[in-house]
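Residue indices begin at 1 and follow the sequence shown. Predicted, not measured: the structure shown is a model, and the values here were computed from it.
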Amino acid sequence: MERISSREKILLEASRLFAEKGFHGVGIREITAAAAVNSSAVSYYFGGKYGLYCAVIENVAAMLTSSLSSREIQKLSPCEIIKLYAETVKNIHCRYPYFVRLLYHELLLPTDVMGRFAVETLQPVVKILRSALQAGKKSGIFKANLDADKAIMMLAGAMNFYYLARPIHQSVIKQDEVFSEQYIKTVLAIFFQGISRREEYEKI
């Protein structure tokens with residue numbers, strides 16, 4: 001059995017505790033006690049609580065940026081890029097379920113970490129999606145009057161709000177992994193139907 005390093009233990013427990021209580025509600029001693037490591041380990045590995053919180057968020061950022069790297073994106077069609085984005089968002093929420101609760105806390109008591117996340121991670125992703133939509137318009141796949149930025153907001157909202165509101169709506173609508181997969185496919189089908197020229201939609 002592979003041994004988990006002290007750094008990984010701290011990240012694991014910090015992710016859970018930050019999600020439960022937010023950045024301001026968790027102390028270093030609580031994190032290190034949960035991880036069963038010396039209290040100085042947070043400073044050693046992360047430079048303090050703020051650095052640790054950044055590392056938790058950066059785990060998500062790394063997954064998003066690695067999936068949508070510019071080198072790979074150049075080989076994909078506009079529709080494939082959009083599908084890759086949707087798949088990546090789904091995988092992030094499945095791999096890092098704590099991220100949704102972190103977002104809740106950030107809405108109530110925001111830190112500058114999420115602001116940095118938006119600038120350093122989300123801005124480049126928006127740029128990639130915007131370029132894909134513009135390329136689709138230029139090639140005649142998408143409608144000529146498509147507003148790329150509004151379309152991006154609609155897609156991101158439909159994808160992320162599903163996971164944000166899941167604790168509420170899953171008590172009303174029975175859901176499992178198959179349901180989640182079908183939900184993503186439905187979102188993409190509606191999205192493409194809305195932005196595509198009618199004669200091109202069947203080819204997607």
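Atom CG of Leu102 is separated from atom CD1 of Ile57 by 5.0 Å, given to the nearest 0.5 angstrom. If you take CZ on Phe192 and CD1 on Ile141, they are separated by 9.5 Å, rounding to the nearest 0.5 Å.
The minimum heavy-atom distance linking Leu155 with Leu188 is given by the pair CD1-CD2, 4.4 Å. The minimum heavy-atom distance between His169 and Tyr162, with the atom names listed, is NE2-O, 2.9 Å. Taking every heavy atom of both residues into account, Val119 and Pro124 meet most closely at O-CD, 3.6 Å. Shown here for Lys49 and Phe23, the closest heavy-atom pair between the two residues is NZ-O, 2.9 Å. Shown here for Ala62 and Thr65, the closest heavy-atom pair between the two residues is O-OG1, 3.3 Å. Here the closest non-hydrogen pair linking Pro78 and Ala132 is CB-O, 3.3 Å.
Within 6.0 Å of CZ on Arg130 lie more than 12 heavy atoms contributed by other residues, nucleotides or ligands. No more than 12 heavy atoms of other residues, nucleotides or ligands sit less than 6.0 Å from atom CE of Met154. Heavy-atom neighbours of Phe161 CZ from other residues, nucleotides or ligands within 6.0 Å: at or below the threshold of 12.
Linking Ile, Leu, Val, Met, Phe, Trp and Tyr residues whenever their side-chain heavy atoms come within less than 4.5 Å leaves Met153 and Ile81 in two separate clusters. Placement of Leu107 and Ile92 in two distinct hydrophobic clusters is found when ILVMFWY residues are connected by side-chain heavy-atom separations under 4.5 Å, directly or transitively.
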Worksheet entry | Intermediate values then yes/no, side-chain hydrogen bond (donor to acceptor under 3.5 Å, both in side chains), Ser5 and Glu8 | CA-CA 5 Å; Ser5 69; Glu8 290 170 326; 3.3 Å; yes
Discussion item. Before you tell me yes or no, could you show the steps for Arg116 and Thr121 under side-chain hydrogen bond (donor to acceptor under 3.5 Å, both in side chains), namely the whole-Å CA-CA distance, both residues' side-chain angles and the distance that decides it to 0.1 Å?
Written reply: CA-CA 8 Å; Arg116 284 177 46 206; Thr121 303; over 6 Å; no
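Here Phe99 and Phe117 bring their ring centres to under 6.0 angstrom of each other. With ring centers used as reference points, Tyr98 lies 6.0 Å or more from Phe18.
Judged by distance alone, the side chain of Ser171 and the main-chain N or O of Ile168 form a donor-acceptor pair under 3.5 Å. Side chain of Glu106 to main chain of Thr111: a donor-acceptor pair is present (N/O by atom type, distance under 3.5 Å, no hydrogens or angles).
Using modelled atom types and a 3.5 Å distance limit, the side chains of Asp112 and Tyr50 yield a donor-acceptor pair.
In summary, Glu20 and Arg16 engage in a salt bridge, as defined by a charged side-chain N under 4.0 Å from a carboxylate O. Between Glu80 and Lys83 there is no salt bridge, since none of the side-chain N atoms of the basic residue sits less than 4.0 Å from a carboxylate O of the acidic one.
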